[in-house]
Amino acid sequence: MKVLLTTLNSKYTHTSIALYYLKNKIDDVADVSVLNLNVNENLSNCLNKILSYTPDVIGFGVYIWNVEETLKLACDIKKINPNIIIAFGGPEVSYNPEELLSKYDYIDSILCGESERNIVEFIQDAKNENIQRIYKLPVEASDIPSISEDIADNYDKRVVYFETSRGCPFRCSYCMSCIDKTVRYFDLDQVKADLKHLLDLNVIQIRFIDRTFNSDRKRAIEIWQFLLNNGKDTEFHFEICASLIDDETLEFLKSVPKDTFRFEIGVQSTHKETLEEINRRYNFEYEKEVMKKLMNMQNIHIHADLIIGLPHETTDIFKKSFNDLYELYPHEMQLGFLKMLKGTDIYDRKDEFEYVYSNYPPYEVLKNKFMTYEEIAYLKKFETVFDYIYNSKKFLVSIRYMETKFDSYYEMYEYITNYFIENKLIDIKLSYDTIYMHLIKMFNDDGILIQTLTYDYVDNFKIIREWMYSKYDIKKEISAYIRECDELSKLSTNEVSKRYKFIALDYNVDSMKREKTIYKFEK
């Protein structure tokens, strides 16, 4: 029996770890192939690729980002060859299988939840021509096979996903992990052996998908130490809980080389009533101190999240959450919008909070009893502007200066958002050159802002533009600077020109004071 396991990943660089777990479980009883597709690919090309395997059985991994495209593919496959058995699995189909099976007759079976055991029984039944419509078997940690060799063989410069545990100790009401209230840790010796296999290949990035990687502090430190001892140039990404970081953990993290670890920290809200309602009974003040210490260490990339649309969070309360988190200056700050996912606690309480949400993936909230549709729609635009200005890292110095003009961080981005809306800039793709020019315009040709933007632009793009600050005789100023700099005076004029760009400002971007300063940038 020929079995094809496939999914439409959200990006080309992504690889589905689930497919390799399932392949490993049935490799000895079927001829199994794995096909990673991309949700942005032409569906006709995807169809051709799938059918080129001439499969008897196709297993689709179905997620919030690919369900619509997967349904189209499955429908066309059945039209072409009704004898192919099609099974769906994954979080998007695990909590309403009866509804899907009654609605789409081209789905033969649905494997619910974790499917390391489901797929074994399903394939046995397919061989016996007696498949069930729904498979629901519990999975123990011992059922989960090693897959490091399978991932490595199919790595091809993609991000490598890896897990050392399943489940989550917390019950955040909006998250699918609230359904599984226990954590199952994989055998630590096997985890290290699998990681060593990947590290020996010097893969670019390993993204750990454990829901709360540091739920066991000592285990987390042991794995981190193993990665540092055996890794070379690999970058590691972890989802962590800041509340679980203690002094011992902080002391260890000081030893991590710069740009080796990336931490994703879900703050979601700083409003106590909201946090209690969504089962996140954390102490934000403690989390804030931990994040401050992590940021001050300057060796770990910090990505922090807020979720818009949570219970009890009005627009004014969201502004406070925004300001509270922004004050920490995380390297990235994601503003997400609540999704009403079947199977979660908050979905079951949707009527209580008067949630109105889209019936189509990703099921985002449109309004609730705390925020109107207009308020959420505005925050969508606010998020777009915030990504342009803050998360792009193209305006790092200018942001600090612009902040001095407003009473709060939120007000600054609100001002820029309103300008973007009034000038119809929200719905078009903007170049950064265009954004730089509009910032100058919206702040009325502020002389200092032009200087900070000059610095930011040259720092990012190593190009001099006509609009930039140019009060000084650049050639004369730079020549004097080079003569006085021991490092540069040893180089020929040609070498200096090839390696560096220079600007002269009368504003010091470090001290934020008016004083003549010359800056050099490596090209």
Side-chain angles (χ1 to χ4, degrees), residues 1-12 14-16 18-23 26 30-115 118-119 121-136 176 339-343 357-364:
M1 175 171 282
K2 296 179 71 173
V3 178
L4 177 65
L5 302 175
T6 188
T7 193
L8 298 165
N9 296 308
S10 58
K11 295 181 180 179
Y12 168 76
H14 293 180
T15 302
S16 172
L19 301 182
Y20 298 104
Y21 282 123
L22 302 183
K23 176 182 183 294
I26 58 174
D31 178 7
V32 189
S33 299
V34 168
L35 176 61
N36 278 284
L37 297 169
N38 177 357
V39 73
N40 297 309
E41 284 186 66
N42 180 284
L43 284 187
S44 178
N45 291 342
C46 292
L47 182 66
N48 289 336
K49 288 179 182 179
I50 290 169
L51 293 177
S52 70
Y53 286 81
T54 62
D56 302 302
V57 175
I58 301 174
F60 280 103
V62 188
Y63 301 87
I64 197 168
W65 61 80
N66 70 14
V67 58
E68 294 179 329
E69 291 79 5
T70 303
L71 287 168
K72 292 174 185 177
L73 283 172
C75 180
D76 286 350
I77 289 167
K78 275 292 189 181
K79 287 179 179 179
I80 295 167
N81 187 346
N83 295 319
I84 294 177
I85 299 171
I86 295 179
F88 278 17
E92 187 57 23
V93 297
S94 289
Y95 304 100
N96 59 337
E98 295 88 355
E99 176 187 338
L100 291 165
L101 290 168
S102 64
K103 189 174 181 180
Y104 304 109
D105 59 3
Y106 45 82
I107 306 174
D108 295 300
S109 293
I110 290 180
L111 282 56
C112 299
E114 299 167 273
S115 289
N118 285 337
I119 197 164
E121 184 168 326
F122 166 69
I123 293 300
Q124 289 172 343
D125 290 348
K127 283 186 168 186
N128 295 329
E129 299 182 352
N130 185 32
I131 61 172
Q132 302 172 47
R133 298 284 275 164
I134 297 173
Y135 290 82
K136 287 184 179 180
M176 301 294 285
K339 299 169 179 59
M340 299 300 290
L341 304 178
K342 295 180 180 69
Y357 61 96
S358 173
N359 285 342
Y360 305 99
Y363 314 115
E364 280 190 351

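Computed from a prediction, not measured in an experiment: that's the story for all the values here. In what follows, every heavy atom counts, from backbone to side chain, and hydrogens, waters and symmetry copies are set aside. We count residues from 1, following the sequence as given.
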If you measure from OG on S94 to CG on N118, what distance do you get to the nearest 0.5 Å? 8.5 Å
Can you measure from CG (L22) to CZ (F122) and round to the nearest 0.5 angstrom? 11.0 Å
Contacts of type salt bridge (Lys or Arg N to Asp or Glu O under 4.0 Å), residue E69, not counting sequence neighbours: none
Take E98 and R133, measure what side-chain contact (heavy atoms from CB on, under 4.5 Å) needs, and give me the verdict at the end. CA-CA 9 Å; E98 295 88 355; R133 298 284 275 164; over 6 Å; no
Using a 4.5 Å cut-off on heavy atoms from C-beta on, say whether the side chain of K72 contacts that of L43. yes
Would you please test L101 and E99 for side-chain contact (heavy atoms from CB on, under 4.5 Å) and show each step? CA-CA 6 Å; L101 290 168; E99 176 187 338; over 6 Å; no
N130 backbone acceptor or donor facing N128 side chain under 3.5 Å: no
With the side chain counted from C-beta on, respond yes when T6 and N36 share a heavy-atom pair under 4.5 Å apart, and no when they do not. no
Would D76 and Y106 count as having a side-chain donor-acceptor pair, cut-off 3.5 Å? no
Does any part of the side chain of L8, heavy atoms only, come nearer than 4.5 Å to the side chain of C46, both counted from C-beta? yes
Between atom CZ of F60 and atom CG of L71, what is the distance when rounded to the nearest 0.5 Å? 9.5 Å
Measuring from atom CD of Q132 to atom CD of E121, what distance do you get when rounded to the nearest 0.5 angstrom? 5.0 Å
Sorted by chain and residue number, the salt bridge (Lys or Arg N to Asp or Glu O under 4.0 Å) partners of D108 (sequence neighbours excluded) come out as K78
Derivation and outcome, side-chain contact (heavy atoms from CB on, under 4.5 Å), residues I110 and I107: CA-CA 8 Å; I110 290 180; I107 306 174; 4.0 Å; yes
Less than 4.5 Å apart, any side-chain heavy atom of I58 and any of I85? no
Could you check if a side-chain atom of V3 sits within less than 4.5 angstrom of a side-chain atom of D56, using non-hydrogen atoms only? no
Just verifying a value: how many Å separate K342 NZ and N96 CG, rounded to the nearest 0.5 Å? 5.0 Å
Can we call the ring centroids of Y357 and Y363 under 6.0 Å apart? no
What's the verdict on side-chain contact (heavy atoms from CB on, under 4.5 Å) for I119 and L5, showing C-alpha distance, side-chain angles and the deciding distance? CA-CA 11 Å; I119 197 164; L5 302 175; 3.9 Å; yes
Y53 side chain near K2 side chain, heavy-atom distance below 4.5 Å: no
Using the rule side chain to side chain donor-acceptor pair (under 3.5 Å), only one of N9, T7, N38 pairs with N66; which is it? T7
Value rounded to 0.5 Å, distance of NZ in K23 from OG in S33: 7.5 Å
Which atom names give the shortest non-hydrogen contact between H14 and S10, and what distance separates them? ND1-OG, 3.1 Å
Below 4.5 Å, heavy atoms only, C-beta onward: do P361 and W65 meet side chain to side chain? no
Among C112, S109, S115, exactly one meets side chain to side chain contact (heavy atoms under 4.5 Å, CB included) together with Y135. Which residue is that? S109
Check this for me, if you would: do K49 and E41 make a salt bridge, where the nitrogen-to-carboxylate-oxygen distance has to be below 4.0 angstrom? yes
Do V57 and L4 come close enough that some side-chain heavy atom pair is under 4.5 Å? no
